[in-house]
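Letters go in sequence order (proteins before strands), and every chain restarts at 1. The analysis underlying the following values was restricted to heavy atoms, covering all of them including side chains, and did not include hydrogens, waters or symmetry mates. Nothing here was measured: the structure is a model prediction, and the numbers come from that model.
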Amino acid sequence: MARALRPVRGTHDLFGDDKRRFDHIVVTARSIAAAYGYAPMATPTFEFTEVFRRTLGETSDIVTKEMYTFASGSGEEVTLRPEGTAPVARALVSGGRLQVLPARLFYDGPMFRRERPQKGRMRQFHQVGIELIGEPSPVGDVEVIAAGARLLKELDLADSVVLRLHTLGNSASRDRYRSALVGYLDQRREGLSADSRRRLDRNPLRVLDSKAPEDRQVANEAPRLLDFLDRESADFFAAVRHHLDALGISYEIDPMLVRGLDYYMHTTFEFVTDRLGAQGAVLAGGRYDGLTERMGGPALAGTGWAAGIERLALLTGDALPAATRPVLVACISAAATAQALLCAETLRNMGLATELALQGSLKRQLRHADRIGARAAVLLGDRELEAGLALVRDLDTGQQSEVPFALLPNHLSEISSNG
RNA sequence: GCGAGUGUAGCUCAGUGGUUAGAGCACCGGUUUGUGGUACCGGGGGUCGUGGGUUCAAGUCCCAUCACUCGCCCCA
């Protein structure tokens, strides 16, 4: 036997309940998105590298070290998407779908970042997300936050997360704050961690959410972004809070909450948990006005979020909707094969999930029925063929009855309907 | 990219430098030649991650390497 191959680092396979839990999250998210008028859409799994380089920020870690980038073969450089928002903006622009605004869109699918894997962090991970494009009102931010809160509630995670809210203000406010912060931090450079000294030069706002103990005090006493908001930015933030309050959505203002990606402005938020080790954020987003312009289209407002499916799955634990219980058609003799196949198709026509067992002893086939969680088994052998009927075994009660072929669908529907 | 921990059966794990490496679960068979799930009986399954070293003797100690896990960085 050849050496067993293994999955690529940071990827993994999903079977059984794990896969059902995953799908349940996607289905739930899609249905909640639909309730808010967000239409499903999909973008390619890879894009020209330019799409991400232009929008995430040249200095972001995603762009500098985490992208899976390769040559497309025709001289173009392409990248497996590390996140979903930039591709959505690109798709609206390149598809010319800017006639009907605002656009409300839902997506789900794999994302790729070349990071060291750890709990809740994979190299191929999966997100669901919504984007509201072309809506400049702070009510739009509240709408997407409400949809996110509803998703978490629907997944029974309302008590596991808290909503952290902050604002980066408009670009003028943000620039003024940035210079004030750099001035403050620069005087305390010696006291900062090595990581934060690097952040100071590249992305100073990130010093604020550093975990290093030596940085904490410096960050806590730093000038507050909220004090640097101009009138427009302050009003915007006040409106977001006002409408969240009106909806009864509770939140904490987190002055240390900043975003890693350059395109965010005004509202930023994260639903965080303390149950996933180092990875607290399960659903996060914010406002990104102007992203479509960077994609070569008109300047449009935008706001939205993405949620990590693996992280949500870790939190939802064992909670799962009941699996469909199939009927097993057991073919006991070779002569009964055609009848068994026909019988299985007939049951499927009735909408009953049906699996056909073709090999092994009856004992083996019934054991298989038990393992796949079958509700009932239809037994077909020489005796049944001759008599023109089938044995139907209720696998929960063990009761067995003889049923003419024509009555099988009704009989099995009956059994399946109670459990 | 950096740090720590862990690698023994399909899975979860015992195994004090000393006989032929074990358990539970899972799997296969039998009790039942056409009857699952429970019970009882039996069986198969191991490059002890890999390579080197120390030793009379290594799953056990040392070194290297690979993988996984967790953390840093960053982020969903």
Side-chain angles (χ1 to χ4, degrees), chain A residues 1 3-4 6-10 12 25 29 56-57 59-67 82-85 108-129 148 161 193-196 198-199 202-203 206 209-213 215 257-261 269-273 276-286 304-315 328 330-333 336 357 360-384 391-400:
Chain A
M1 204 162 54
R3 184 178 58 88
R6 52 172 186 265
V8 172
R9 186 199 300 271
H12 68 9
I25 290 166
L56 302 183
T59 58
S60 74
D61 273 35
I62 289 182
V63 168
T64 54
K65 64 179 196 192
E66 293 174 3
M67 297 203 304
E83 59 100 38
T85 301
D108 70 272
M111 308 292 164
F112 304 84
R113 293 181 198 171
R114 198 188 155 73
E115 307 175 275
R116 191 106 193 160
Q118 63 191 73
K119 187 183 180 84
R121 196 179 79 177
M122 306 288 293
R123 286 185 168 183
Q124 175 175 337
F125 60 107
H126 299 78
Q127 292 184 331
V128 291
V161 297
S193 67
D195 281 332
S196 282
R198 202 179 60 244
R199 291 186 185 107
R202 262 183 25 192
N203 198 351
R206 293 233 67 111
D209 63 357
S210 168
K211 288 176 192 161
D215 296 338
L257 176 60
V258 295
R259 309 261 68 200
L261 308 183
F269 61 91
E270 288 183 353
F271 287 88
V272 300
T273 178
L276 289 183
Q279 275 64 238
V282 296
L283 185 155
W305 50 254
I309 298 176
E310 285 83 358
R311 292 185 184 178
L312 291 171
L314 284 169
L315 287 178
L328 183 101
C331 182
I332 304 171
S333 81
S361 63
L362 175 58
K363 182 189 185 75
R364 197 187 171 86
Q365 292 184 12
L366 280 170
R367 188 164 57 204
H368 182 67
D370 191 61
R371 284 175 185 168
I372 63 173
R375 180 65 184 82
V378 174
L379 279 39
L380 286 168
D382 292 338
R383 298 206 286 264
E384 289 72 27
L391 288 177
V392 174
R393 184 173 177 83
D394 183 319
L395 291 169
D396 283 358
T397 66
Q399 278 184 344
Q400 201 160 287

Could you please name the option among B/rA67, B/rC75, B/rG34 that lies closest to any side-chain atom of A/Arg6?
B/rA67
Nearest to side-chain heavy atoms of A/Leu366, which nucleotide of B/rG36, B/rA67, B/rG34
B/rG36
Under-3.5 Å donor-acceptor pair between A/Arg114 side chain and B/rC74 base:
no
Any idea which of B/rA67, B/rC74, B/rU69 is nearest the A/Glu66 side chain?
B/rC74
Using a 4.0 Å heavy-atom cut-off, does A/Ala369 contact any base of the nucleic acid, only the sugar-phosphate backbone, or nothing at all?
nothing
Could you run down the sub-3.5 Å N/O contacts of the protein with nucleotides 37-41 of chain B?
from   : atom 1 : to       : atom 2 : distance (Å)
B/rG37 : O4'    : A/Asp370 : OD1    : 3.4
B/rG37 : O4'    : A/Asp370 : OD2    : 2.9
B/rG37 : N2     : A/Asp396 : O      : 3.3

I need the CE-C1' distance between A/Met67 and B/rC74, as an integer number of Å.
14 Å
Please determine, for the side chain of A/Lys119, which listed nucleotide (B/rG29, B/rG34, B/rG71) has the closest atom?
B/rG71
Distance, rounded to the nearest Å, where A/Glu270 contributes CD and B/rC74 contributes P:
13 Å
Comparing A/Val8 with A/Val282, nearest RNA chain B nucleotide closer to 5' gives the residue A/Val8
Strictly below 4.0 Å: does A/Gln118 bring a side-chain N or O up to OP1 or OP2 of B/rG71?
yes
Within less than 4.0 Å of OP1 or OP2 of B/rG36, is there a side-chain N or O belonging to A/Arg371?
no
Walk me through whether A/Leu395 and A/Asp370 qualify under side-chain contact (heavy atoms from CB on, under 4.5 Å).
CA-CA 8 Å; A/Leu395 291 169; A/Asp370 191 61; 5.9 Å; no
Under-4.0 Å salt bridge between A/Arg198 and A/Asp195:
yes
Which part of the nucleic acid, if any, lies within reach of A/Gly129 when heavy atoms closer than 4.0 Å are counted: base, sugar-phosphate only, or nothing?
nothing
What is the nucleic acid contact for A/Leu312, judged by heavy atoms within less than 4.0 Å: base, sugar-phosphate only, or nothing?
nothing
Minimum heavy-atom distance A/Glu83-A/Thr85, with the two atoms named
OE1-N, 3.2 Å
Tell me, please, which residues at least two apart from A/Asp209 pass salt bridge (charged side-chain N to carboxylate O under 4.0 Å, His left out).
A/Arg206
Which of A/Gln400, A/Gln365, A/Glu384 passes side chain to side chain contact (heavy atoms under 4.5 Å, CB included) with A/Leu379? Answer is A/Gln400
If you assign each of A/Pro117 and A/Asp209 to its closest nucleotide in RNA chain B, which residue comes earlier from the 5' end?
A/Pro117
Taking any heavy-atom pair under 4.0 Å as a contact, classify A/Leu283: base, sugar-phosphate, or nothing.
sugar-phosphate
Between B/rG49 and B/rC68, how many Å separate the two C1' atoms, rounded to a whole number?
10 Å
Base-pairing string, 5' to 3', of RNA chain B - Watson-Crick or wobble, under 3.5 Å, | interstrand
(((((((..((((....[...)))).(((((.......))))).....(((((..]....))))))))))))....
Does OP1 or OP2 of B/rG1 have a side-chain N or O of A/Arg116 closer than 4.0 Å?
no
Indicate, yes or no, whether a donor-acceptor pair under 3.5 Å links the base of B/rG34 to the side chain of A/Glu384.
yes
Check this one for me: any side-chain N or O of A/Gln400 less than 4.0 Å away from OP1 or OP2 of B/rU35?
no
